[in-house]
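What follows is a set of notes on a single structure, which appears directly below.
Residue numbers start from 1 in every chain, and the chains themselves are labelled A, B, ... in the order their sequence lines are given, proteins ahead of strands.
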Protein chains: 2
Amino acid sequence: MKNIVLLAGGVGGAKAAKGLYQSAYKDNLSIIGNVGDDDEFHNLWVSPDLDTLTYTLANEVNPVTGWGLKNDSCRILSRLAQFGSSTWMHLGDMDIATHIFRSAKRAEGMTMTAITRQITTRLGITVPLLPATDDTLQTRLETENGWVDFQTYFVHQRCEANVTNIAYEGAHLASATPEVLAAISAADIIVFAPSNPLLSIAPMLAIPQFRDALSASNATKIAVSPLIGGKAIKGPAEKLLQQMSYTPGNKGIAEFYQDICDVLVIDNQDEGETNVIESFGLHAHCTSTLMKSDHDKVALMEEVISAATTYQPEVPCA
Amino acid sequence: MKNIVLLAGGVGGAKAAKGLYQSAYKDNLSIIGNVGDDDEFHNLWVSPDLDTLTYTLANEVNPVTGWGLKNDSCRILSRLAQFGSSTWMHLGDMDIATHIFRSAKRAEGMTMTAITRQITTRLGITVPLLPATDDTLQTRLETENGWVDFQTYFVHQRCEANVTNIAYEGAHLASATPEVLAAISAADIIVFAPSNPLLSIAPMLAIPQFRDALSASNATKIAVSPLIGGKAIKGPAEKLLQQMSYTPGNKGIAEFYQDICDVLVIDNQDEGETNVIESFGLHAHCTSTLMKSDHDKVALMEEVISAATTYQPEVPCA
């Protein structure tokens, strides 16, 4: 059985994670989650992508938003507003329990890896969910009004700012965890989820040890494009890629993944982009990439694993 | 109008606070709250007495327990238990909002006095509620199994341990706040609520500056006994006083307050203890001290203020 590693951000990453977790590959799967969105609110440490992955795998995620807990309430935030706190960052009441637990354990000196393991295990999740690093790594964006924190850009400003630069603060000093390095080293297939490349994948790649481990790995590396018909299913991927001077459509995705991946999976309706993708040295694989139902998620991820398994690198002529 | 200061612990103290707050004296009232019960749970700073006072004055207290918020739920604690945390300390969901706010502001460097002012003001409370100190002061109890934290004794062990010693950790290094010292200095009447003397009043008295300020004050000092017929209305006062070698009944209360107060208010049914109380140099004043309704609270506290107002110290013969 092949060892599979999934690199994932939040909502799109969680769909891919769910697909693999419900597939035949679940017993040989590790998921590495982005921590670049992490930040502190009300002195609580919030890890949006790890939580979205956790809640999704535990079947607890809010199906309407794709993040947060289903049936959650928002009384604590209202109370904090009454006390005079700034509450633009949405945090549900039961979601706050996760942040309280995480923050208390961090204060005790527990690593994010160990905390995430305890939360996921207690929720019955049997696949390792590994933070990319135990160190603090925070994505920041430069806009016309200066540098802002990720959540300020993403939630408070609703991705409306024009981004001119992105920094992964702390990444160059961060270590990949032993668990992450072991998972990458043992991987036969590394899947890049249809997450935002610049916000979910790039923060991990900005960790030197992480990037080196990926380069050293002989695994087949396969990315799923987050774009269908040039548009992101959710979030600012397409706008942000263009603001950061990537070419629109899957050509831009290919530009991003050209030195990292072997295969780029695109939607059937974008089949016309095959040639341009292959001009970047990537093999293009077409299938239906829209994940609405759990069935869609499993089908796509089984197709992705199948494409990676059958992928044969072109051997240059002697 | 006379300036009144109330020294108060939790449930009994809050009843007295409510009585004064609803009386004709509310505009000249300051309440000083015990912080000896404070402790950290899940990395959140919990101040049970300040919260009981706050919720009571804001008409938000759970009328069944006398502490906590009415209509509160307990979902966060259940979730923390699911994650593997120890959850014997009861914390309601909306109550946790208070602890989150307080802890966040403490982390920002705000004092307990300023935090409490912000919470009470936002809840519409117009009387100053002053923590006895902004420093950390924690009551600890020595039992047959060694020293334990206050909440371990009070909540986890349900006051069942045999207490052989009490310490007010940090008290000797703690400062009384400028607000507390100003209130005591300006007071005409200082009321000691029918709180547990050893657990609610003694922690304040253990702060040297606080004790000195009380001694220097010319205010009439009047305590309301927490015992009726030798029994505490709530909590371990009578048991603890005896374990700490105070005489049972109001004689023990008089022993405690003999060097501190001028007047001890006792219940009508304990009128027979008048002589023994007066043998300690305290004037005994009898009235109905049971506070069931808000009307009872106002009536008792108006009676207490009246007794303090008419009190005339005996002038020794020349």
Side-chain angles (χ1 to χ4, degrees), chain A residues 39-47 50-51 54-55 58 60 68-87 89 91-110 112 114-125 129, chain B residues 39-47 50-51 54-55 58 60 68-87 89 91-110 112 114-125 129:
Chain A
D39 211 339
E40 197 168 68
F41 296 91
H42 315 287
N43 205 38
L44 301 173
W45 193 257
V46 179
S47 293
L50 295 180
D51 288 345
T54 299
Y55 299 159
E60 291 186 332
L69 288 159
K70 59 187 167 190
N71 304 320
D72 207 356
S73 48
C74 205
R75 296 172 69 206
I76 288 184
L77 218 57
S78 303
R79 185 75 164 177
L80 291 171
Q82 187 181 8
F83 290 151
S85 295
S86 171
T87 54
M89 180 67 179
L91 302 168
D93 295 337
M94 293 306 291
D95 185 40
I96 284 176
T98 309
H99 312 320
I100 291 174
F101 180 79
R102 177 186 296 118
S103 304
K105 294 299 172 187
R106 281 169 62 96
E108 288 174 14
M110 211 183 211
M112 285 291 285
I115 295 166
T116 307
R117 185 191 303 126
Q118 184 160 343
I119 291 172
T120 53
T121 303
R122 290 281 182 156
L123 294 179
I125 297 167
L129 173 58
Chain B
D39 211 340
E40 197 168 68
F41 297 92
H42 316 286
N43 206 38
L44 301 173
W45 193 256
V46 180
S47 294
L50 295 180
D51 288 344
T54 299
Y55 299 158
E60 291 185 336
L69 287 159
K70 59 187 167 191
N71 304 321
D72 207 356
S73 47
C74 206
R75 296 173 69 206
I76 288 184
L77 218 57
S78 302
R79 185 75 166 177
L80 291 172
Q82 188 181 6
F83 290 152
S85 295
S86 171
T87 55
M89 180 66 179
L91 302 169
D93 295 337
M94 293 305 291
D95 185 39
I96 284 175
T98 309
H99 311 320
I100 290 173
F101 180 79
R102 178 188 293 117
S103 304
K105 293 299 172 186
R106 282 169 61 97
E108 288 174 13
M110 210 184 215
M112 285 290 285
I115 296 166
T116 307
R117 184 191 305 128
Q118 183 159 343
I119 291 172
T120 53
T121 303
R122 291 281 183 156
L123 294 179
I125 297 167
L129 172 58

Heavy-atom contact with chain B under 4.5 Å, split by part of A:Thr121: neither
To the nearest 0.5 angstrom, please state how far the CD1 atom of A:Ile76 sits from the CD1 atom of B:Ile76. 3.0 Å
Give a yes or no on whether the backbone of B:Leu123 and the side-chain of A:Gln82 come within a donor-acceptor separation of less than 3.5 Å. no
Bottom line for B:Ile115: the part with an atom under 4.5 Å from chain A's heavy atoms is neither
Non-hydrogen atoms of B:Arg79 and A:Tyr55 that approach each other most closely: NH2-CE2, 3.9 Å
Shortest non-hydrogen contact between A:Phe83 and B:Ile119, atoms and distance: CE2-CG2, 3.7 Å
Closest non-hydrogen contact found for B:Ser103 with A:Asn43 is O-ND2, 3.8 Å
Report the distance from atom CG of A:Leu77 to atom CD1 of B:Ile100, rounding to the nearest 0.5 Å. 9.0 Å
Of all of B:Glu40, B:Arg106, B:His42, B:Arg75, which one pairs up most often with chain A through heavy atoms under 4.5 Å apart? B:Arg75
Value for CZ (A:Arg122) from OG (B:Ser85), rounded to nearest 0.5 Å, stands at 8.5 Å
